[in-house]
Amino acid sequence: MQPTIECCLHNLDSDDRAALAPLGTVSTAPCLGHCDTCRTDSFAVVDGELVTATEHAAITEQQ
Amino acid sequence: MNVLLVSIDSLRRDVLSAYEESVGFEYAVETPNLDRFAERATVFDTHYAGSLPCMPARREWHAGIREFLWRPWGPIEPFDEHVAACARNEGYLSALITDHYHYVQHGASGYYEDYNAVELVRGHEYDAWKTAPRQPDDRLLDQTVDRATDPPHGTGYVNRSAYARNAAARAVEADESNAFAARTFRRASEWLRANDDWSDRFCYVDSFDVHEPFHVPEPYASMYTDEDPRDPDLPIWPYYGRTDEGQSQLSERELAFVRAQFAGKVTMTDRWFGELLDTLDELGAWTETVVIVTSDHGFLLGEHGWVGKNHPPVYDILARTPLFVHHPDGGPDRIGALSSAVDLYPTMLDAMDAPIPEHTHGDSLLPLLSGDADAVRERALYGYWGASVNVTDGEYTYLHPTDPDAPTPCFSTTQMNARGFPLPPTPKVDAEPASIPQTDAPVWRFEAESHAQHDTPMLFSLADYEQTDDLAGENDEIERRMREELITGLGELDAPAETYERLDLNRG
C-alpha cells in the first residue's frame, strides 16, 4: 500500500515533486500548518508523520 | 447614525436556527442570543463570502476590494480607502475590539492603524504572547500539539505550543468569563458604555472565536458530548485536510468530539455576544445604531470528507455565511436577494452617510433594507487566491477549477509572501512592475504555484445546501449559463488576464 504523502505548495517545486514521486502520489496543500519547518527545511508529511530533510530527494531516501 | 460591525469567525450558518439548514449535527446547537438578534434584524438568506479565509475577508470588509483575484492574505494596500479612515473623515470615532491576533502577525499590516481606539485581547491560537512557563501544561499540549512537529521548547514561527501557555495565562478553563470571546465582547461593551457621549461612532468587534483551537470552558465543553473534554487522547485542534488519511485523519470518536467542541464554542460565543446585546439595550442604542453581524467563512467538520478549510472545494458550508443587519429605520424580516461580503464596506459607509469610493467592488445593501431595490447584484464571485474561482447567481453555485500547472500572479505594492503568510516576507527577485485596476500606482507582479481544490467543474443548486448532488455534466444548459456568469463576473471586475488562462476560459 502506497503511503499518503502531503506537501506544502510553499515548500516544493516541480523538481521536488519528481524527487518524491517514487514514494507514491504527492498531494499538495496551500499550507499544512508547519510554517517554521517550511521556512527552514524540505519536508513532507508521510502517513501523517512529519519528515524533514535538507532536500526532498533525501526524504525519499529515508523511506 | 452609529455603526457596529460584529464578525464571529468560522460561524457556520447551519448551526443557527435563523437559517433552515442543518448539516449532520445530531443535536440543536444553542444560540439564543443570535436568535434574538435575528428576530430584531433582517436576515439575509443568500449571503456569500468573497475572498477567503480570515484576512482576505477582512480586507473585503475594511477596503471593499474583492481581493482574491489579485493577491492572497496580505496587508492593507496604500491605495485602499480603509473604512475607519473614511469614517474618521466624516467625524466618526472608531474602535476595533478584537482577539484576532493576525492583525499583529506577519502577513497582515495596516488593518488597525486607522482606528481611533484599538483593544486587542492577546493570546488566541498561535499568538506570540506568553513564553512562560517554559514547560506548558502537558494535558493541554496533548490535546493541541504533536510534540514532534511543534516542540514545546521550540522557538520557531507558528508553534502550536504557544496556545497552551496563552490559554493557561488566560485561565480559560477556570471560568468561562476568562474565555477569549468573553473578554472580547466584554471589552466591546465597556467601550460602548465609556464612549456613549460621542455623537457618531463606528465600532468593529472582531471575535476570533469560534475559530479553533476548539478549547472551551465548562459548561460548554460537556454540553454536546458525554466524553471527558479534558481527555488527553481527544483532540481540540485538528489539522486541515481529509478526515480519512494523513495528518488530518480523525477517528469517528475524535471527529464527533471535535464537532461537539465546535458546537460548545458556538454556544459560548453566543452567550457573550448576548452581553453585547444587553449593553445595546441598556444604552438604548438600537434607535441610533446600524448593527451588522456576520462571519468570514465556515468550517468543515467531516462533511465531504474534510475537516477545516482552504484545501477543499469552497462548499457552501464554507462560503455561504450568515448575515444579519439591524437598521433603526427597520427593514423586512428576510431578504433573499444575493449579497456578498464586499458589500458590507459600502453598506457601512452608506450608513455613515460617507462617500463610497468608486473603485469598491461592493454595493450598499441599504436599498434592500429600505425597499428601494429588490436586488443589488446579479452574481458574486468567491474563493481563494491561486485556486478555483467560484460564482453564484443566487440560484446555483458553480465552482471552476484552476490548472495547477499554470502559476497564479500576485499583485501588490509590497513583496508579501504569496504562500506562507505568517513567515517574514522574502525578497521576490523575479518581481516585475505591473498595473491593476484599483490604482494608478505601479504594483509588483510575481508568481506562485496554483492549488487545485478539485479537478473538474462542480455545480450545485442553492436548495441543496449540503451540496451532495453535483449537477456538473448533468445539465449542460445550467452549467453553460453559470460558466458565462463566471466570465461576465471576471470581466466586470477587470480580473487579471492570467485568470482566464489558468481557468482555461475564453475571455468574454
> What closest approach, in Å, do Arg419(B) and Pro30(A) show between heavy atoms, and which atom pair accounts for it?
NH1-CB, 3.7 Å
> Do His311(B) side-chain atoms and Cys31(A) backbone N/O form a donor-acceptor pair below 3.5 Å?
yes
> Quick one, His34(A) with Gln247(B), criterion side-chain hydrogen bond (donor to acceptor under 3.5 Å, both in side chains). Give me CA distance, side-chain angles, the key distance, then yes/no.
CA-CA 11 Å; His34(A) 304 300; Gln247(B) 66 173 1; 2.7 Å; yes
> Picking from Val158(B), Asp146(B), Thr149(B), which has the most non-hydrogen pairs under 4.5 angstrom with chain A?
Thr149(B)
> Quick check: closest heavy atoms across Tyr157(B) and Asp36(A), and the distance to 0.1 Å?
N-OD1, 2.8 Å
> Can you see which heavy atom on Arg39(A) is nearest to which on Pro424(B), and at what distance?
CD-CD, 4.4 Å
> How far does OG1 of Thr37(A) sit from CG of Asp150(B), to the nearest 0.5 angstrom?
7.5 Å
> For Ile5(A), is it the side chain, the backbone, both, or neither that has a heavy atom closer than 4.5 Å to a heavy atom of chain B?
neither
> For the OG1 atom of Thr4(A) and the CD atom of Glu245(B), what is their distance to the nearest 0.5 Å?
4.5 Å
> Ser450(B) versus chain A, heavy atoms under 4.5 Å apart: side chain, backbone, both or neither?
backbone
> Among the options Gln249(B), Arg242(B), His451(B), pick out the one with the most heavy-atom pairs lying under 4.5 Å from chain A.
His451(B)
> With a 4.5 angstrom heavy-atom cut-off, which part of Tyr384(B) approaches chain A: side chain, backbone, both or neither?
neither
> Does any heavy atom of chain B fall under 4.5 Å from the side chain of Cys35(A), the backbone, both, or neither of them?
both
> Let me know if Glu449(B) has heavy atoms under 4.5 Å from chain A in its side chain, its backbone, both or neither.
both
> When you look at CG of Asp504(B), are more than 12 heavy atoms from neighbouring residues, nucleotides or ligands closer to it than 6.0 Å?
no
